[in-house]
Amino acid sequence: MTIQTNKGPKEIKVKELDFTNMMCDLEDNGVDVMALLDDDQRKSMKIFSTVRAIMGALTGTKSLKASGKMLSEHLANGGNIEEIMDSFTEVMAAAGFGGASVEEPTA
């Protein structure tokens, strides 16, 4: 994932995904991951709190304040929230979340 910093773009290695623990970390930080899939529920979400928690989960940053500073720097230097969410979507897809369902063979 590339984030924008005061010193220019910086490539951040996205933490290797441990799907269950990542979901639990997000839930512990107030993110309803399943609500992200629902248009109506997404409208009432706290966007910055959600993206800050996702930034922390992606980078392995435990402190929400540190994640918030990283997000603020990214936004102040021309980055956008969609870049963070795109990275999150890629990580989730790589973990098999939201992929096509596998049909059971019929006899």
Side-chain angles (χ1 to χ4, degrees):
M1 168 172 77
T2 302
I3 62 169
Q4 303 303 320
T5 70
N6 295 330
K7 296 178 181 180
K10 179 179 180 182
E11 190 67 28
I12 300 288
K13 184 178 188 306
V14 174
K15 172 179 141 174
E16 188 171 320
L17 180 65
D18 174 342
F19 181 78
T20 301
N21 285 318
M22 183 178 189
M23 294 302 101
C24 291
D25 289 347
L26 289 172
E27 289 176 351
D28 288 347
N29 287 309
V31 176
D32 181 352
V33 178
M34 298 310 290
L36 288 170
L37 303 173
D38 183 275
D39 289 336
D40 291 331
Q41 289 184 39
R42 236 185 355 257
K43 290 176 187 175
S44 65
M45 292 180 89
K46 296 178 180 179
I47 297 301
F48 280 95
S49 294
T50 299
V51 176
R52 177 180 71 167
I54 288 171
M55 174 76 95
L58 288 173
T59 62
T61 305
K62 296 292 183 194
S63 164
L64 288 178
K65 289 194 185 260
S67 296
K69 287 181 181 184
M70 192 182 308
L71 179 58
S72 292
E73 185 176 10
H74 175 70
L75 296 173
N77 288 289
N80 62 56
I81 289 174
E82 287 79 23
E83 293 165 324
I84 306 304
M85 295 306 292
D86 288 347
S87 292
F88 180 63
T89 300
E90 289 173 19
V91 168
M92 296 296 286
F97 185 80
S101 62
V102 177
E103 289 186 31
E104 293 293 321
T106 56

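In what follows, residues are counted from 1 in the order of the sequence shown. Note that this is a predicted model, so its numbers are computed, not measured.
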Checking Phe88 against Thr50 for the side chain to side chain contact (heavy atoms under 4.5 Å, CB included) test, could you report, in this order, the C-alpha distance in whole Å, the side-chain angles of both residues, the deciding distance, and whether it holds? CA-CA 11 Å; Phe88 180 63; Thr50 299; over 6 Å; no
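- If you take OG1 on Thr59 and CD1 on Ile12, they are separated by 7.0 Å, rounding to the nearest 0.5 Å.
- Side-chain atoms of Met92 and Met23, non-hydrogen and from C-beta on, do get closer than 4.5 Å to each other.
- Closest approach of Glu73 to Asn6, counting heavy atoms only: OE2-N, 2.8 Å.
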Apply side chain to side chain contact (heavy atoms under 4.5 Å, CB included) to Lys7 and Asn77, showing your working. CA-CA 9 Å; Lys7 296 178 181 180; Asn77 288 289; over 6 Å; no
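- Linking Ile, Leu, Val, Met, Phe, Trp and Tyr residues whenever their side-chain heavy atoms come within less than 4.5 Å leaves Met45 and Leu64 in two separate clusters.
- Remark: the backbone N or O of Met1 is paired with a side-chain donor or acceptor of Glu11 at under 3.5 angstrom.
- For the pair His74 (side chain) and Thr5 (backbone), a donor-acceptor distance under 3.5 Å is absent.
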Could you walk me through whether Met55 and Thr61 pass the side chain to side chain contact (heavy atoms under 4.5 Å, CB included) test, one step at a time? CA-CA 8 Å; Met55 174 76 95; Thr61 305; over 6 Å; no
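- Checked by atom type and distance alone, the side chain of Glu27 never pairs as donor or acceptor with a backbone atom of Val33 at under 3.5 Å.
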List the steps and the verdict of side chain to side chain contact (heavy atoms under 4.5 Å, CB included) for Gln41 and Asp39. CA-CA 6 Å; Gln41 289 184 39; Asp39 289 336; over 6 Å; no
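- Of the inter-residue distances, the one linking Thr2 atom OG1 with Ile84 atom CD1 reads 9.5 Å to the nearest 0.5 angstrom.
- The shortest distance between side-chain heavy atoms of Asn29 and Arg52 does not fall below 4.5 Å.
- If you take CD1 on Ile54 and CG on Asp25, they are separated by 12.5 Å, rounding to the nearest 0.5 Å.
- Side-chain contact between Leu58 and Met22 is present, with heavy atoms from C-beta onward closer than 4.5 Å.
- The shortest distance between side-chain heavy atoms of Asp86 and Glu83 does not fall below 4.5 Å.
- For the atom pair CG of Leu26 and CG of Asn21, the computed distance is 11.0 Å after rounding to the nearest 0.5 Å.
- Put simply, the side chain of Ser67 gets close to the backbone of Ser63: a donor and an acceptor are under 3.5 Å apart.
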